[in-house]
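A note on names: the letters A, B, ... follow the listed sequences, proteins ahead of strands, and every chain is numbered from 1.
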Amino acid sequence: MGLDLKPLVTAQPIKLAELSGKVVAIDAFNAIYQFLATIRGPTGEPLMNGKGEITSHLSGLFYRNVNLLVENIKPVYVFDGKMHALKTQEVERRQQVKQEAMKQYSQALEEGRMEDAVKYGKRTSVLTESMVEESKRLLAALGIPHVQAPADGEAAAAHLTKADLAYAAASQDYDSILFGAKRLVRNLAVSGRRKVPNRNAYVDVEPEMIEHDNVLKETGLSHEQLVDVGILIGTDFNPGGFSGIGPKTALKLIKESGKLENVAKVKDQLQEVPYQEIRDIFLKPEVPKIDRIDFGAVDREKVLDYLCVQKSFSTDRVAGTLDRLQKAQDSRSQSLEKWFG
DNA sequence: CGGCGACA
DNA sequence: TGTCGCCGG
C-alpha cells in the first residue's frame, strides 16, 4: 500500500480541457499497471491477441493517449529506473499479495465465481520487461516522448515540474507530492461513471489536481515536515509506517513537535527506521539530466502496423480512432491560422 | 479503461 | 440525448 496522504490534501476537480497545451509527466508504470489491472475480459483474463500476447497495456495507452492528444495535452511518460534498496520489503510484500491473488483467482475460476475471478485477476497483473518495450514502441509511433528515470519515476516526474519542463505530474499515488511535484493530477482520464466491483453501484471518477503550495499552506508544514509526516504514515521505504499512527495523528505530531526526532511518542520505534535516508530519498532524489522534451507527430502507418499487423488490433477501430485525432488536430491548426494568417 | 451499439 | 452494459484482443 502506498503513501496515504489523501486525508491531508485537498484535491481540486479539473476538466481535461484545463490541461490543454500543458505538458503532463505521466508515471508510466503506474499507468500501465492500471491498464493491466482494469482492461480485462469477463473471466478476469487480460486482453490477448491470437499469439497469447497480453495487449491490455497497449489498448489502454492507445485510447487514453489519443484522448489526451485530442485535448491538446502533451503527455510525456516517465519510466522507473533502478529501485532503491529500501523498497525491497514493499516489493516482496506486493509479490506475496500477487501469489495469494493467483491462488484465489484459479479457485474462483474453477468454481465459476466470475465476479471473484475478475476481482482477484486484477491483482495478479505483472508488468514485464517486454511490456515496457512494447509501450515505448507504441508511444514513439504516437510521437509521445518518454523519459528514463535514473531511479524512482515519481521523483523524475516531480523534477520535471520543478524544472518547468512539465506543468504537472500524473499518477494515482501521492509519492510525487513528497518528491516535491508542483502539481499532481490524479484520475487523468476521460471522466465518467465507473462501476464499483461486486456492487450494483457507480462512482463518478473525475480528474483532480493537488497543488504542492496548497498542501503546505493547508497543513501549515514545510516540505521537510511533510516528508516527516509521510514517514510516520508509512512510505514504500518504510511500509506500514508507525504503529497506531494514521494520517491525522501524523500531521498533529509533526505540527506539535516540528520534526520526527522530537516526537516523544515514537522515540523507540524511530531507532528501527532509517528515517534520515528516507528523507534524502524524497528531498534529494536522483533525477534525470534533461533540459528539453521533444514532441513528435503521430506516425499513422507505424501505429497501424504495430497495433493491427503485429498485435491483431482491429484496423477499423484503430484507423477510426486515428482519424478522430487527425480531425481534432486539423481543426486546431485551422483556428490557429485565423489568428496568425 | 474507453468505445460503441442497444434502448428509452 | 442520455444511460447502460458488453466487447475489445
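In this entry the distance linking CE of A:Met114 with P of C:dC7 reads 14 Å, nearest Å. One atom, CG of A:Leu322, and another, P of B:dG3, lie 13 Å apart when rounded to the nearest Å.
The stretch residues 39-73 of chain A comes close to DNA chain B through A:Ile39, A:Tyr63, A:Arg64, A:Asn67, each having a heavy atom under 4.0 Å from the strand. Residues from residues 12-37 of chain A placing a heavy atom under 4.0 Å of any atom in DNA chain B do not occur.
Residue A:Val91 shares its hydrophobic cluster (ILVMFWY side chains chained together at separations under 4.5 Å) with A:Met83. Cluster partners of A:Val97, using a side-chain heavy-atom cutoff of under 4.5 Å among ILVMFWY residues and allowing indirect links: none. Apart from A:Met102 itself, the hydrophobic cluster it occupies contains A:Val126, where clustering links Ile, Leu, Val, Met, Phe, Trp and Tyr at side-chain heavy-atom distances under 4.5 Å.
Using a cutoff of 4.0 Å between basic side-chain nitrogens and carboxylate oxygens, A:Arg93 and A:Asp236 are not scored as salt-bridged.
Residues meeting the side-chain contact (heavy atoms from CB on, under 4.5 Å) test with A:Asn238, sequence neighbours left out: A:Ile231, A:Thr235, A:Phe242, A:Val273, A:Ile278.
With hydrogens and angles disregarded, no donor-acceptor distance shorter than 3.5 Å links the side chain of A:Gln96 to the backbone of A:Glu92.
Of the listed residues (A:Ile233, A:Leu184, A:Asp4, A:Leu8), just one forms a side chain to side chain contact (heavy atoms under 4.5 Å, CB included) with A:Tyr174, and that residue is A:Leu184.
Following chains of ILVMFWY side-chain contacts shorter than 4.5 Å, one can reach A:Ile73 starting from A:Phe62, so the two form part of one hydrophobic cluster.
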